[in-house]
Structures are given as structure tokens and as C-alpha cells.
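Notes follow the structure.
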Protein chains: 4
Amino acid sequence: MSSTSRSLVPRFNLHNRTSPPKRRTGRKRDRAAKQEALIRAATKLFASKGYDLTTTREIAAVAGCAEGLIHRYFQGKAGLLLALMSYHASREVAELSDGLPLADSLEAEIQQLMTWEVDRMWRDRDLLRASIPHAILDPKVGRFVSRVGHQRHAKAIFDRLRHYKGEQVSDQEIESISQAIGALAFVFGFMHPVLLGSEGKQTRKVTSSIAKIITQGLQRA
Amino acid sequence: MSSTSRSLVPRFNLHNRTSPPKRRTGRKRDRAAKQEALIRAATKLFASKGYDLTTTREIAAVAGCAEGLIHRYFQGKAGLLLALMSYHASREVAELSDGLPLADSLEAEIQQLMTWEVDRMWRDRDLLRASIPHAILDPKVGRFVSRVGHQRHAKAIFDRLRHYKGEQVSDQEIESISQAIGALAFVFGFMHPVLLGSEGKQTRKVTSSIAKIITQGLQRA
Amino acid sequence: MSSTSRSLVPRFNLHNRTSPPKRRTGRKRDRAAKQEALIRAATKLFASKGYDLTTTREIAAVAGCAEGLIHRYFQGKAGLLLALMSYHASREVAELSDGLPLADSLEAEIQQLMTWEVDRMWRDRDLLRASIPHAILDPKVGRFVSRVGHQRHAKAIFDRLRHYKGEQVSDQEIESISQAIGALAFVFGFMHPVLLGSEGKQTRKVTSSIAKIITQGLQRA
Amino acid sequence: MSSTSRSLVPRFNLHNRTSPPKRRTGRKRDRAAKQEALIRAATKLFASKGYDLTTTREIAAVAGCAEGLIHRYFQGKAGLLLALMSYHASREVAELSDGLPLADSLEAEIQQLMTWEVDRMWRDRDLLRASIPHAILDPKVGRFVSRVGHQRHAKAIFDRLRHYKGEQVSDQEIESISQAIGALAFVFGFMHPVLLGSEGKQTRKVTSSIAKIITQGLQRA
DNA sequence: GATGAATGAGCCTTCATTCAT
DNA sequence: AATGAATGAAGGCTCATTCAT
């Protein structure tokens, strides 16, 4: 999974600089810091104005460095978009499995996963905002976003739910529920609040209610 | 619902031309035909290359009329996008309630609604492709797309499901299921196939399976 | 000869507009006038600052029209250079044969041709200045300039000199002399005055002297 | 002569390093070697792509040293062009007088000078290609190229021809012939082959023929 | 002294919009 | 009313030059 995402922008791996910031001063000034500043600036700007209405001039200004760096580091504005996606993707890997303890029961796990994923979509809203418009037009980007978006943790969710397997639930059902959680989280965690400009008030209620219905569907005699 | 869509582009309503086709209809027909040609051309082009990469020159060329008409009729490229959305919105109104007979049972209805909505999302993919990038950036457009997209027929779905009310299902649950169907249809009918460049093979199986689980969740003693 | 030159920029033929300026108002404003203004402005600027240091902005400003026209009419700055050469080439065709009567003797003809050609090179200095830098780098342009420059009227000169053929002069000699006149005129009429920033004082004396020596060389018993 | 060339780039004289090769020559050699490498690289690149299309990055890459040295040694790209011309000029000084024995007769000398000069122009084609575009625009450079080009050895040629003076040839005629030889050699040795992309086949025949005619012109009566 | 990463001014070009015809 | 030629603002990118290392 992450191997594919890495292939988009194979050259930059800002996260692997485990060495102290001044150590690998291979050449000059703080290259990694500027790359990150550019990526952050671009993420914000692409998310708020859209890719096309954002100028490289603006990005450089917000990042506090020279415009030419965008071309030196990322081979242009388009490359910056890819790098941005790659950056965020690698940054959020394993977020799920690390941070969230397993719940006591399948029902509780489904509930907590739903909530957790909805929140994660909201946290990732800038990345999604910046990349979805391109994902829709370019299948290559699309596959990437598909993973980061509603499908990214399908496997992780699937694995977590399998722990409760004893309870007469088939793998097929677990697979479907994993997909459903991803899809519902994408819509209620990202699309709804973003499209409507604010977090929907009843989102929690609806997602919780759906989680409950699904849970019940699994418990039938 | 349609009142909101009308507010976006209040001037054009190619479908509801309720005024009788009087004399000089040739002229009017020409005008309406050109407006429609422009809208169709823009929908196709926006969907395939994106709004910003599509030039007004191209749109006019594909539509077979003069570039200046885009400004005369729609006050520019941006107006054409709005008109396009309005056009498609009005065109698809009541599609659901008219075309699909009620099923024999709640379970069957949920299944057929899920399938129906997934298909509808796919049919509307060009409209969604053209409008989602802007919907993400502009809440005004966002509300519009929200309706056309995963929320459009929430009310209609809700009403249909209420027909089976006797069976111990609360309004709250029906509401949640309506929302869930819209959300799942959006993801599995539009996002997945579009992002991945082709209709996912297992989409049917997953949606069907989820519908079944939901159904079962409603049938608990 | 002129067929080749035409192939460089086959699309524009500003000279053929024999019809009155208002006649063929196919579309809008005075297209031909603007094309010519752009070509004149470019010729002047390329000649004085060089192609690369001349900006399209400047050209448009000097020509008194919009920058975009350079791209609409000539497909960019590079196309304007080609159009410019084509324009001047067609404009000067047949200048020689039309304007200069045959002299009374071969000697007199050689003298007058030398003078005439030296003057012509000087008149064409802007065109040559603008095109020679590119001619040196691009053989395609080179062939063009070769004709316009020191070789252009080789044929015409040859034909004129043949009129005096009776006088024991072989075709081979006439051919060589034609070439020599072109070469000497190019150097003394263009290179010398341009490189030195002003018309050399002794140019006339030298060319005249050489013409005389050549003449004498042909008159040996 | 060399005084003028020196004024262009007064600082560098790689050839006339008259100072004895003292200690730490290694360092100096390095420096001189890099200067020469840069000049050679620039000559090649300017000649093949033109000054403006050649980047300092490329020059440094071809020369195998750092980009910054171009500015340290030559005060920038423009300075490198001047240094380049100066370098080649000093390098070819006295080539003529040293390498070519006097012929037995005036006629033979004119023939051999013509051939010799044509060849030299061709050998110098890279230098001429690199410098002529600028010579055309800048009289200062123009004067330089004028010497290196068609006028460089006028004096030397003049001196050689004077050895045969007894034969009823005036100084004025010798002067004119010297100039003519330079001019014809420039056109037939440089312009023709370069503009046409290859050495013209009949160049030899034409130059030889012209030399013969000139010779005959001096032998009259 | 040497290096090459960083800078940012300036270029050609595109394209929505205007308006003469 | 319809057309499309003309406009010109604005953007991405290049590259000579500077300067921290």
C-alpha cells in the first residue's frame, strides 16, 4: 500500500531525517526545513483556494523562501502537489494501529472506529481538499487519494475487526463493514462538513446510529 | 430544494420553459439550443480536464458556437459552471420517485434503493466531476453539490422507507439509513469508480452485503 | 530561390494585399497593418538589441498593439523572426533587375554592380543584423540569409554580366565574378560599417579599386 | 592590434604569462587550467547554441568546474565572452607570418594567401560563431571581431605582397587586394560553409578563379 | 579559494473578457 | 443578436548572480 504511494514522488522523504537538523548539512542552508515549509504552505493554499488559483509566488511567500526553490526541489508546481501528497501519506502511516486500543467488544470497536475515522478525515481535510480535485481527473492521483481517503485503513480496520471473529461473523461481512466504515467516515467526516462549510451538527448522531444498526445486524440470532 | 438551486443561477431554466411556444420560436429555439450546447460541452470538458484547464475557446468550439455567447448568456466561464449545475439539477428532479416502484418489503426496498442510487451516481459522474472541485472550495457551491450528490434524495428515500414503518423502525433510524444510503452510494457509485479509473468489480458485492447487514440490524426482535 | 524563402513562413504574404485596405475587412480591424507594424518594430529592435534581449512587450509597445497579437499572428517570438525575414525577402525581390539599367561596357557594369550591391547591403543592414545571429546557428535560417545576403542576386548579376559575353570571358569567370561581387559587397557594405559602427571612409575607394583590378583581369589579351 | 584586444579584457592573458613559473605553480596551474577549460567550454557552447541559449550551468558542467568560478574569474557570463575572444586572438597572433613561406611570384603568393586565409577562417569558425552575433550589436566587440575576422591579417598580407613590389603594382592596389583577400576569405571560408551547414563544394574553384582574375588584373600591359 | 544552493527579476505565453463589426 | 479579433493582466519557469559554507 504505502509502496504505491511512495512511487508517486520517490525522491523526497522528509520524514526519514532522523538525524539532528544540523547534522546532514550536506551543503548549505536548511534544505529539509524549506521543503517542509513549502509543502505546508502549498497544502494550506491549495486547500483554501484550489490548486489553480494558487500561485507559486504566494506559496513561496507563505513558506518564506524563494520561488525558484519550488522548481529546484519539486520540479514545479505540479511536482509540489505530488510531493505534498506523498509527504502527508508517509506522515500518517500506522496512525491508526498505534494510537487506538482495541475495544472490549465488536460493537464497541465498530462504534469507536467509526468515530475515530470520522475525526481523522476531518483532520486530513486540507490534504483531501488539495488532492481530490486532481484525483478526480487523474486516475494515478485518484488511486493515491483513494487510499489516503476512504480506503486507506480498510486493511487495518479489517484486521482489528477480525479479533472479534468468534461471534458468528464471516470474513466477507467484516470486509464489507470495513469498507462501509471508510466510506461513511469519508462522507460524514470530510464531504459533509467541507461542502457545507461547517461540521454538521447531527453528524455524530447519524454515524452513531448507523454504527448501531450495523452492530445489530451482526448480532442477529 | 430546487429553490436553492435556482438561486445559484436565477436566470436560466431551460427545462421549465412553461411559456407556450409562441411565434418566432425558431429564434428562441436557437438560443435555447445554443445554451444547451454550451452547457453540454462545458459539462463534458470540465469533467474530463477540469474547470481551469478548459478554455472558453474549447467550449465554444465543441458547442459549435461563438465564444462571446458564453459571456452573453452566462456572464462568463464561472457563470457557465453555475448554470451547468442548475441545469442538471432541475433535469434530474423527481427521477427517483417517478421511475422506481416501491418494493414489497423494507429489506427489498433498501436493497433496490442502494442499487438505484449507486447507478445514479455513476450516471451523474460528469456533473459531479465538474462540480466537486468547486464545491470543496466554495460552501455555496458545496451546498448545491451536497444535495445533488450524497444528500439529494435523502428526503425522497426517507419518504419511501417510511411506507414500511409498521415494522418497529423508528423515524430516527430511517433518517440515519437514508443518509447512509446516500453516503455509500456516493462513495461506491462515484468516488471509487472515478478515482480508480474504472468501476470496481466488487462494488456490487460490498453494497449488497452492507444493505443486507443494515436490513438485519433493523429486524432484531 | 524565392520558393525556398517562402517555405520559411508560408502563411503570411503581406505584400499581396493589392486590394484597398478596407476591402478585405474579412473580420475586424486592420490586421495587415498590425502585422506590418509588428514586423517593423521587431526588425528595428532585433537589429539594435539582438533577438534575445528584445522582449515581446517592447515589440508590442513599439508597434503600438497588444502583446498577444505576436502569438496570434506569428505563433510567438520565434515565428515573428521568421515572418520578418520572409517579409523583407519578398519585399526586395527583383529590386536589382528593375531598378538598374545595364551599363555600356562590362567594366562599367562591374563597377556599377559593385556600388549598387554595397549600397543594398547597407540598406538591408537591419534585416541582416536581425537574422545573421540566427543564421549562424541554424542552417535553415542560414540558407535563407545566405540568399538575402551575399548570394541573393548572384543569378541576377550573372545574367547581367552575360550580356557582355562576346569579350572573351568564360561563363566560369562570370560566375566567379558574380560570387565575388556578392561577397565583397557583403563585407564592405554590411560587415565593415556595422562592425565598426560607421561606414568606413575608404570603403568606396577599396571596392572601386578592386572592381578595377578585376576588370583589368578580364581584359588581358 | 593586440593593444585593442587587451583593452577588452585587460586582466587575462593566459598565453603571455611571461612571469617565470615559480613555486606553487600547482595552484596557479590549476587556476589557469580551469580558466582555459571554461573558455574552451564556452567557445564550443556559444558556437553551437548561441550565447543567450547557453547557460552558465552548462558551461561549468562542460568545463568540469563550479559555476561560481565564471564570476570569480571573468566577472560573469559577459566577461567570459570577452575573455574568450581575447584568448583566441592572442593565441593566433603571428600565425600567418610564421607558418607560411613566401611564394615565388606575386601570382603564386596571392593564390596561396587566398587558400590559407580561407582555411584559417574555417579553423576559427567557433570563435567567429561565438563572437559575431555580439560584434554586430556592439561596435566595441565589432572592432575586435573585425580584426580577428576579415581584417586581421590585412597588414600581414599587405607586407607579404609588398615583397613583389617591383612588378608595376602600386601600394594602393596592394592595399585593396589585401582587403579583398580578407573579405573573400571571410565569406567563402566562414559565412558560406557555416550558413549552409557544410563547406560548399565549389568554394575552392571560385576562390581560385577569383585569385587568378585578380592576378591577371595586375599583369596588364 | 572553491563550491553550488539559494535567490528573485524578468520572460514568453495563455486565455477570459471586451467590443467593433 | 452573434461573432471572433483584439486586449493585456497574470502566471509558471529559467537562469545569472550572490554568498554561506
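Reminder, nothing fancy here: chain letters follow the sequence lines and each chain counts from 1.
- As rounded to whole Å, 10 Å separates atom P of F/dA9 from atom CD of C/Glu67.
- Of the candidate nucleotides F/dT3, F/dA6, E/dT3, E/dT3 has the atom nearest to the side chain of D/Ala66.
- Here A/Met85 contributes atom CE and A/His134 contributes atom NE2; the two are 8.5 Å apart, rounded to the nearest 0.5 Å.
- The separation between D/Arg31 atom CZ and E/dA2 atom P is 6 Å, rounded to whole Å.
- Where C/Gly64 and D/Thr54 each meet DNA chain F at their nearest nucleotide, the meeting point lying more 5' is that of C/Gly64.
- Rounded to whole Å, atom P of E/dC12 lies 7 Å from atom NE2 of C/His71.
- One can place CD1 of D/Ile70 at 13 Å from C1' of E/dT3, the figure rounded to the nearest angstrom.
- Seen from the ring of C/Tyr73, C/Lys34 does not count as a face-on cation partner, given the 6.0 Å and 45° thresholds.
- With both pairing distances under 3.5 Å, F/dT7 is matched to E/dA16 as a Watson-Crick or G-U wobble pair.
- Which of F/dA2, F/dG12, E/dT3 sits closest to the side chain of A/Thr56 comes down to F/dG12.
- Here A/Tyr73 reaches the OP1 or OP2 of E/dA6: one of its side-chain N or O atoms lies under 4.0 Å away.
- Residue contacts for D/Gly76: at a heavy-atom cut-off of 4.0 Å it reaches the sugar-phosphate backbone alone, with no base atom in range.
- The NZ-P distance, from A/Lys77 to F/dA10, rounds to 15 Å in whole Å.
- When the P atom of F/dG11 is taken as reference, atom CD1 of A/Ile59 falls 11 Å away, rounded to whole Å.
- Here F/dT3 is the nucleotide among F/dT7, F/dT3, F/dA2 with the atom lying nearest to any side-chain atom of B/Cys65.
- Spacing between atom CG of C/Asp52 and atom P of F/dA16 amounts to 11 Å, rounded to whole angstrom units.
- With a cut-off of 3.5 Å on both pairing distances, the Watson-Crick or G-U wobble partner of F/dT21 is E/dA2.
- Taking every heavy atom of both residues into account, B/Pro139 and B/Leu137 meet most closely at CD-O, 3.6 Å.
- If you measure from atom CZ of C/Arg57 to atom C1' of F/dG8, you get 9 Å, rounded to the nearest angstrom.
- For the atom pair C/Gln75 CD and C/Ile70 CD1, the distance stands at 12.0 Å (nearest 0.5 Å).
- For the residue pair A/Gln35 and A/Tyr87, no side-chain donor N or O sits within less than 3.5 Å of a side-chain acceptor on the partner.
- Using a 4.0 Å heavy-atom criterion, one finds that B/Thr55 contacts the sugar-phosphate atoms exclusively.
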